[in-house]
Every structure is written in structure tokens, then in C-alpha cells.
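Worksheet: the structure to be examined is printed underneath.
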Amino acid sequence: MHHALAPGVIQIATTRRDNAFLVEGDDGYTLIDVGWASAPTTLLATLADLGRKPTDIRRIVITHAHPDHVQGAARLRTATGARLLIHAADAPWLEAGQVPPHGRSGRLGRLIDQLPKLHWTPTSPDAHLTDGEHIERSNGLRVIHTPGHTPGHIALHHEPTHTALLGDALFNRSNLTLGPAALAADPALRSDSLHKLPSDLHTIGFAHGAPLTGSATDTFHEFLRKTRSANKPA
Ligand SMILES: [Zn+2]
Ligand SMILES: [Zn+2]
């Protein structure tokens with residue numbers, strides 16, 4: 001299942017709960033996140049649907065090193081030959097094949113990370129991403145470092161269409177939430193990171209949950225206003 005989120009931005013459901021995104025550029029696609037171990041099968045089938053070939057994915061950008069985003073990364077890199085890119089602060093996790101104990105603020109998070117089904121093939125990235133960097137000149141895709149959920153979490157800003165892809169910086173399951181604090185590395189940083197996002201967004205994509213477009217983005221701006229006033233000393 002895939003659909004155009006904005007011109008040049010395609011949302012792909014890799015499961016009923018998880019989304020990845022393809023961003024078109026002059027040299028092919030940039031893929032934002034992979035997904036679970038089964039995701040490469042879905043992503044390659046989607047490429048075929050689009051009339052494109054696996055090597056049309058030129059780079060794979062990982063928003064953060066959690067299993068629901070990276071577990072299929074090693075296999076998809078082999079299938080596509082794409083370069084694998086991640087923020088330096090999450091690179092050691094990608095290379096370890098699991099979230100380290102200090103990667104979760106709560107005991108519940110540390111317990112689930114011991115489950116083998118939440119581990120992945122240890123993988124080294126081809127390069128590190130930094131805050132403010134443009135991933136590829138022609139696609140207008142900019143990195144925004146949004147630490148909190150993980151230390152190296154990034155959101156992506158597709159400047160030509162005023163679209164933001166938030167990864168797990170924010171969830172939109174039944175409503176907008178920052179997600180369980182126990183599963184985040186540094187929960188207190190999360191709302192500050194959201195305030196680094198541009199204010200003129202037309203479309204917002206989530207790794208988990210339905211996108212917001214047009215007037216529906218008002219609920220996002222309202223969420224930001226609430227978290228800002230909640231953080232302010234009385
Ligand atoms: Zn996550
Ligand atoms: Zn996730």
C-alpha cells in the first residue's frame with residue numbers, strides 16, 4: 001500500500017502500523033526508514049508497482065536505530081546497493097545490532113531490548129548525517145536533529161513541498177503523542193526538539209500513524225503550543 005503524500009514524496013505502509021517514505025530526486029529515490037525484517041519484501045514490491053528497479057533507491061536514511069526502523073536495513077542495502085545514512089549518535093546502535101541499556105530511560109524499555117526478535121544484523125553506515133545538512137541537492141531534503149526518543153533521532157524536511165517526516169519524534173496513532181517515556185532515551189528533550197521543526201508545514205508524515213495535511217496540520221501546531229506552555233515555568 002502506497003500513496004503520494006506530496007509531489008515527489010510517497011508514503012509506503014510496510015505493516016499496518018509502520019510507514020516508510022520514498023523521496024524523488026534527480027538520481028533516483030531516497031528512502032526514509034526501512035522497517036522490520038519483512039519490510040524489504042514490501043518495499044521492493046512497491047518499487048516494481050511504481051515501474052522502478054531496486055537500484056533506483058540510491059540512499060537509505062534511517063531516522064533512528066530502533067528495530068521497527070532498521071531491522072530490514074542490511075537486507076535492503078544488499079538488494080539495492082544504496083548508501084546507508086544515519087546520525088552519528090545512533091550509529092553505534094546500528095553497528096551493535098540492538099539498543100544499548102542506556103538507550104531507554106525506563107526499565108520496560110531495557111527489558112524489551114533483550115528480546116532477540118528486537119535485534120538486527122549489525123550494520124555499519126556509509127556516512128553520518130548532521131543537523132541542517134541537505135541529503136542530496138536536487139531533492140531539497142534537509143536533516144533536522146531531533147534528539148530525545150534516541151540521541152541521534154532525525155526528522156526530515158522536504159523543503160519544496162513544506163513536508164516534514166517526523167520518524168518517532170511524534171506519533172499519530174489515535175491522537176498526537178510523544179510516545180511512552182520509558183521507551184525514549186531522554187524523554188525531556190523530545191518537546192524541545194519538536195520546536196526545531198519549521199512552522200510553515202503543509203504536510204506531516206509519521207512513521208506510526210496517519211499523515212496530517214492542509215488544515216489538519218493545525219492539530220500539530222496546537223500540540224506544539226501546548227508542549228511549549230507546559231515547559232514554561234509558571
Ligand atoms: Zn523509535
Ligand atoms: Zn518506530
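Numbering of ligands and ligand atoms starts at 1, following listing order.
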Practice item. Compute whether any side-chain donor of one residue and acceptor of the other, for His153 and Thr150, lie under 3.5 angstrom apart. Key: no
**Study point:** Heavy-atom closest pair, residues Leu176 and Asn172
**Key:** CD2-OD1, 3.6 Å
Exercise for review: Establish, yes or no, whether the cationic atom of Arg58 lies under 6.0 Å from the six-membered ring centre of Tyr29 and within 45° of the ring axis.
Suggested key: no
Exercise for review: Establish whether Ile62 and Leu156 are linked, either directly or via other cluster members, by ILVMFWY side-chain heavy-atom contacts under 4.5 Å.
Suggested key: no
Review point. Is there a donor in the side chain of Thr41 and an acceptor in the side chain of Arg75, or the other way round, less than 3.5 Å apart?
Key: yes
Practice item. Pull up every protein N/O/S atom sitting under 2.8 Å from the Zn ion (ligand 1), skipping waters. Key: His64 NE2, His66 ND1, His149 NE2, Asp168 OD2
Could you list the donor-acceptor pairs under 3.5 angstrom formed between side-chain atoms of residues 105-114 and any protein atom two or more places apart in sequence or on another chain?
unit_1, atom_1, unit_2, atom_2, d
Ser105, OG, Ala181, O, 2.7
Ser105, OG, Ala184, O, 3.1
Arg110, NH1, Arg104, O, 3.0
Asp113, OD1, Arg104, NE, 3.4
Asp113, OD1, Arg104, NH2, 2.9
Asp113, OD2, Arg104, NE, 2.7

